[in-house]
Each structure stands twice: as structure tokens, then as C-alpha cells.
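Treat the numbers as computed from the prediction; the structure is a model and nothing was measured. Per chain, numbering begins at 1; letters A, B, ... match sequence-line order. Reckoned from all heavy atoms, side chains included, excluding hydrogens, waters and symmetry mates.
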Amino acid sequence: MTAAVLQNVLASVGGLPSIEFSSVAPSIILALGGVLLLTVVSVTKDKLPVWFPAVWTISAAVAALCTVFRLWIRVGKWGNLSLISGAVGLDRFSLFVIGTLCVSVVMGALLLEGYLRREDLEGPEWYVLLLLAAAGGTTMAAANDLIVLFIGLEILSIAVYILSAMHRRRMSSLESGLKYFIHGAFASAFLLYGIAMVYGATGSTNLARISTFLADNVITQNGLMLGGIALMLVGFAFKVAAVPFHQWAPDVYQGAPTPVSAFMAAAVKTAAFAGMIRVFVLALGPTYRDEWRPMVLALAVLSLLVGSVMALVQTNVKRMLAYSSIGHAGFILVAVHSSTAMGTSAALFYLLSYTFMVMGSFGVVAVVGRKGDGHHQLSDYRGLGRIRPGLALAFTIFLLAQAGVPLTAGFLSKFYVIRSAIDSGDTALGVVAMLAAVIAAFLYLRVIVAMYFEGEPGDEVAPVKVPAAVSVAIGIALAGTLLLGIVPDPVTHAANEATAELVAPRR
Amino acid sequence: MRVEMFTFLLAGAICLGGALGVVLLKNPVHNALSLVATLFGVAVLFVNQGAYFLAAIQVIVYAGAIVILFLFVIMLLGVDRETDEGREPLVAQRPLAVATGLAILGLSLVALLSAGQRATGDKADLAPLNQPGPDINHLAEVLFTRYVYAFEITAVLLTVAVVGAVVLSKRTNEPLIDLDEFPEGTVVDVRRRADDAKAQDEVDADAEVVAVPDTEGDPQEGGDD
């Protein structure tokens, strides 16, 4: 009898959806990696070597990266797909973003390894949350449905709230976690409110359906739609820390454990921008671009200027990097604003190179912070060029890259962004972006001057120890920053191919 | 007046009254109980819309479980403790909050009223939910077909929340490092200072004398006493 009932139900809904697990393999590997790590460690107690969680995490991220390459080839053969009842969009855009997230997990785990040992912290939970956060980010990057996007964002955000409060002996870490949680919860509420309004106006949460509905119909009284767009934009702007929704960023970046700040700057930004591009450029781009572009323009200009200028007056290097990340968010917003395929690939290139640059920078900051994670004043960098020439050179390269000096990833990413702005006719915005880059160059030079030209021999507060894992992470970041600057072609080519498409679900 | 309209007005009034109570009442227990009224009103609205399952869940989960947890926390933190509401940590916080609240209210009203009679451009694509029959069946169908992926990944979200709750509530006996107070502080330094302070307290308790020379010897000690 049950079989008959089931048959009827299946007939009424048009059959069960086919779930192509391979299409979400990266997310599954990352999430499963996190849960398995938790299980393995709690079952074996203290029998495992100390390095085990880090190695596990890195292996999971590398495995996920391998599936990304496989899926990349598959998409090339079969084209973009919309799978699992249209909830997941399998296209090269999402794959590029997922790859970027995997890279930041690898470097984040390496930085954590050195950090946790130095701070006498224990626990695989750090790595578990890192993996689960990445799984949330990958879900978000491939989301073709607003509900899936929201849940992905929440997985990512909640994991990172916890990570930033996890150095629980440091007051500032606790403060940072609480602040990030409260601000982030607000942002999520705004985003959800916006999603509800857009659902009300279009009758669907599926991005492809929203897009076709808006293309086929004209909403004559579109107050609900416009309100929804505005609220969703507020939610995303909070997550990427764009001015004027940036107030949380400096405090949180400064207070959070440094490897977590690095992951926050790289991965959270990457995933949030991926979600933003999917919703605004893809789903709402063709029909509502005239409505959201002015708002994004305002966010971009404000972030560029406020980020660069405020960074100049900071004396704490972590806080300075936080403001500079606001400026970088401004650059990526310029690319989003252009709302073209060129803009999207510029944003992708920027996100990948920013991942390398910011992971490397925070990696250096983490080791210079010394035990206690407290030495982050500009004065703590005095004479670094003398006591640790290699580290100082690496930091110099990362900072120059962030400033946009040629032969580094930073130059090309800024170049592509400004080109996309000018290509879509916003010369003024391109000029503002260049101006902001020039202002920001000052602050990076300030740190470099402190490292090489200030301080007398022997006035260092404490020696700087560089753990092996951290030097590997800095090495990867350095290689990425330089390779993307000198031989960018493979990545540029991939970013150009990584155009996103909303494929309508089959049913 | 049709009965739906009457129920709607009544439930709406309960919702709004409860919401005002949450914000305006002084006693935290009363706030939590007003929240129950709001959630109950929403449940009645769901019934009015024919969403019986949602109404039941609303009462069981929100009114039943979540508010009870709120009450637990309020009781554990101590209801009787006087809250100092006279001091504003942020200047102009209240007027700004009121202005923001009004702005959001205005936005929602404009959005809803400008949409006229039909707020929805298209009929919701949850067609199965509108078919005759118990709504719990339809909900299950939608949940396991169209929203199956969202349903599954919620498991990851819950895992993250559980891991976080366990990790953050673990008790630690280590002393706190306050970088505002000890900018140079490392774990060892702070531990040592904490021990010093404890020893100092014992000396103070024994002698009833403030040991001035000792504290002057260590400038970092300053903010502690």
C-alpha cells in the first residue's frame, strides 16, 4: 500500500529530482572532511600526531581542488548545467570561485598550524570550522537559488564568527567574535528580508526563474522588487565590508586571531562577491541593472576613498590591512558595477590574486605578532629588514602587490578592473579607482619604510620565529602573487572562460 | 465583517501589541512573554492562511522551545539584577535607532503599498502547496523535491552551530590576555602578573596595608588595583 501512495505522490510532483552528487563534489569533500576530522580526532583522543589536523585539512582542500579541475573539463564538454532541482549552477564561474576558496583553505590551514602551536592552543575544531566554512562558501558560489545562497552564507558566516572568538584568552578576540556575530546577524536579516521581498515580487527563489520571469513580464508597480533589491544589496555590502556598511571590519580584523583575519579577508570576501555577482549581475542584470548600478557605484566610490584614506592614519598594521581590504572591496565593486562578462572575469582575477596577497600579508603579520598575537603596531616592524630579511622582503612584495606595482598580481587585477569600468563607459569611476590606488600606495610604503629605514640595531622587542608551515604558506602566496603578475595568461584565460550562466532547471 | 477579516485584525493586534511589549516593557521576563504573544499571533495568521502545519510548528518551536530558552537564560543571568539604563554607551544611540526603525518601516510600507492590491507579480511557484489535501504532505513534497538541496545543507549549518556552541562554552582556567591593558602581554607575562596580583592581594588582606613600593616597581600593574 505504501508503495502505491508513494507512486501517487511521485506522479503528483513529476518524479524525484535527480541528485548529481558529482556536481557538488567540492562542497561534499570539504564538509565531509570537516565532520570526519571531528569524528576521527574525538575517537582517537591524543594518539594522533599534532600535525594531523592540518595535513588532513590541506588534503581535503587539495582533493576538492582536484574535483574542481575535473568538473571544469566536464563543463567544457557538456556546457553549463543547472542541477538538483535547479538549486546548483554548475558553471565555470562557480568552479573558479570554488578553486579560489580551496586555495585559501590550504593557506589558512598552514597559517593556523604555526599559530596554534605558538599560542599553546589546541583542538582540531579550528580546522573543522575552517573546512565547514569553506563548504558554506562553495555552496554559496554555486547557488542558483536564493535559499541555498542564504544557507551557504550562514554556514560560512557562523563558522567564521566562531573562529574569530576562538582565541578565548585574548579579550580582543572575544570582542571581535561578538561584534562580528551581531553585525553579521543584522546583515543576514537584511539579506533575508530582501530575499523575501524579491520572492514576493517574482514568485520564485530560483535565480533562473526570477531572471526569466523578469524578462517575460514587466512589473508595473515594482516597489516590492526595488525594496528587495536594496535590502539584498545592504546584506551583501555588509558581508564584503563596503562603505558605509564597513564599521565592523577594522575591529573584527584587528581582534580576530591573525590566520582567521586572513581567511576572513580572502574567503568570506570571495564567497560574498560570488553570491553578489550571481544575484545582481546574472539574475537581475538584464532587467534591473539601471536600478542597482547607481547604488553599487556609490558603494564602490565610498569604499575606494574611505578605505584608502582611513588606512593611511592607522598605526596598527592589522587595522591598516582591514581598511585596505575595504579599499580592495571597492575595486571589486567597480568590476561588479560594470555588469559585463569582462567585469565578472576581472572580479574573478582580482579575487584570486587578492587571496594570495592578503593571505601572505596576514601570514607575515601573524609571525611578527609574536607570542600573544599582540605586536601589531607599526613600531613592531622596525628593523624587520635587518633581523629577518627574507620575511621583510616577502612582506614588501605583498604590500607592493596590494599597491598595484607592475610584475605582481596586484597590478594586473587593478588593470583589468579599471579596464572593465572604462569599457562600460565609466571613465570617471576608473579615474577614482586609480586615485584610490595612488592614495593606498602611501600606506604600504609606510610599512616598508618602517621595516627597512627605522630603528637601531638591538631595539627589537622580541625575536621573530617563523614556523615551517607558515613559511610554506608565505611561499605559496609569494609564488601566486608573482606568477599571476609575470605569467598571468593561464589564469586570465580561465577567468575569461569562467562566464556564468543561469540555466533554467529542467522542470 | 467576514470571519477571516475579524481573525486577521485580532491576530494582527496581538502581534503588534506583543511586539511593542517586547520593546517597551522594563522587566526582561515580561519582554519574553510579550514575544510569546507576538509569535502566537503569527501562528493564528498562519491558520488564517490555511497553513496549519506551519501554525503548529510556530507554536511548538518558537513559542514552546525558543522563548523558553530565552526565559532560562534570563533567569540564569538573574532577573532581579538592576539594569543601568541611564548611561548610554553610545551617544545618540536611541534617536538613531528610532530613525532607522522608522526608515525601515517606511521602506516596507512603500514597498507594500506601491504594489497595490497585488503585491505579487507572479503566483508563487509552490503550486503543490495550493492543491487540496493536508498541507503537511504538500510541504514534504516540496521539501524533498524542489528544496531538497537547501534541506540537506541545513545539516551542515546545524553541525557548525553545534561545534561552535561546544567550543565556545568550554570552560577555560587560563587567565585572560587584555591587550588594551597589557599591549606587550604574552601568556606567560600575564600569568605571572596574575600570580603577582594574587600574592599582592593576600599580602593586602593580611596586613590591611597597601603595599606601595611593590606596585610602583612594576608600571604594568597600574590598572589592576
Side-chain angles (χ1 to χ4, degrees), chain A residues 9 12-13 16-17 19 31 34-35 38 84-88 119-120 123 125 128-129 132-133 135-136 139 145 147-148 151-152 154-155 158-159 161-162 165-166 168-172 197 199-204 206 209 213 217 219 221 223-228 230 370-372 374 377 461, chain B residues 104 107-126 128 131 133 137-138 140-142 144-150 152-157 159-161 163-168 170 172 174-190:
Chain A
V9 170
S12 71
V13 295
L16 282 177
I19 300 182
V35 177
L38 198 63
I84 316 187
S85 302
V88 174
E119 303 289 317
D120 298 325
E125 296 93 353
V128 172
L129 289 171
L132 291 178
T139 306
D145 191 291
I147 300 287
V148 174
I151 297 176
E154 282 302 280
I155 297 172
I158 292 180
Y161 304 151
I162 301 163
M166 257 172 80
R168 290 191 304 145
R169 296 202 305 275
R170 279 181 61 219
M171 290 286 270
S172 48
M197 283 189 168
Y199 173 63
T202 61
S204 180
N206 188 291
R209 286 202 179 88
F213 174 78
N217 303 274
I219 305 178
Q221 291 162 321
L224 203 58
M225 188 68 200
L226 294 181
R370 299 173 181 98
K371 196 170 165 80
Q377 292 300 315
V461 196
Chain B
I104 294 174
L107 177 69
S108 334
L109 283 182
V110 166
L112 285 174
L113 296 180
S114 74
Q117 283 274 304
R118 286 187 49 174
T120 324
D122 190 16
K123 285 235 168 60
D125 60 356
L126 295 176
Q131 288 165 8
N137 292 9
H138 300 321
E141 282 168 29
V142 178
F144 284 98
T145 54
R146 177 160 294 168
Y147 293 109
V148 66
Y149 190 56
E152 296 292 339
I153 57 172
T154 311
V156 182
L157 182 62
T159 312
V160 170
V163 172
V166 172
V167 166
L168 290 184
K170 227 191 301 177
T172 166
E174 307 275 339
L176 281 173
I177 311 170
D178 190 343
L179 289 176
D180 293 333
E181 205 169 329
F182 308 114
E184 305 292 309
T186 64
V187 185
V188 180
D189 293 343
V190 175

Discussion item. Given 3.5 Å as the limit, does a donor-acceptor pair link the side chain of B/R146 with the main chain of A/S85, or not?
Written reply: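 Flag not set: sc B/R146 to bb A/S85 has no pair under 3.5 Å.
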
Discussion item. Counting heavy-atom pairs under 4.5 Å with chain B, which one of A/L226, A/T139, A/I147, A/V128 comes out on top?
Written reply: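 Among the listed options, the one with the most contacts to chain B is A/T139.
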
Worksheet entry | A/M197, part contacting chain B, at a heavy-atom distance under 4.5 Å |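 When you check distances to chain B, only side chain atoms of A/M197 fall under 4.5 Å.
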
Fill in: salt bridge (Lys or Arg N to Asp or Glu O under 4.0 Å) partners of A/E125, counting only residues at least two apart
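By the salt bridge (Lys or Arg N to Asp or Glu O under 4.0 Å) rule, A/E125 matches B/K170.
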
Worksheet item: Roughly how far, to the nearest 0.5 Å, is the CD1 atom of A/I162 from the CG atom of B/L168?
Response: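 So the CG of B/L168 and the CD1 of A/I162 are separated by 6.0 Å.
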
Worksheet entry | Approximate separation, where rounding is to 0.5 Å, of B/T159 OG1 and A/L129 CG |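 One gets 10.5 Å once the value is rounded to the nearest 0.5 Å.
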
Practice prompt. Please look at B/V148 and chain A and tell me whether the side chain, the backbone, both or neither of the residue comes under 4.5 angstrom of a heavy atom of that chain.
Written response: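 For B/V148, the contact with chain A is made by the side chain alone.
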
Worksheet item: Would B/V163 and A/L38 count as a side chain to side chain contact (heavy atoms under 4.5 Å, CB included) if you check the C-alpha gap in whole Å, the side-chain angles of each, and the deciding distance to 0.1 Å?
Response: CA-CA 9 Å; B/V163 172; A/L38 198 63; 3.7 Å; yes

Fill in: Minimum heavy-atom distance A/A31-B/V156, with the two atoms named
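That closest heavy-atom pairing would be CB-CG2, 4.3 Å.
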
Worksheet entry | Contacts of type ring-ring contact (aromatic ring centres under 6.0 Å, His included), residue B/Y149, not counting sequence neighbours |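 ring-ring contact (aromatic ring centres under 6.0 Å, His included) check on B/Y149 returns nothing, list empty.
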
Worksheet item: In this structure, which one of A/V148, A/D145, A/I84 forms a side-chain contact (heavy atoms from CB on, under 4.5 Å) with B/Y147?
Response: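 The passing option is A/D145.
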
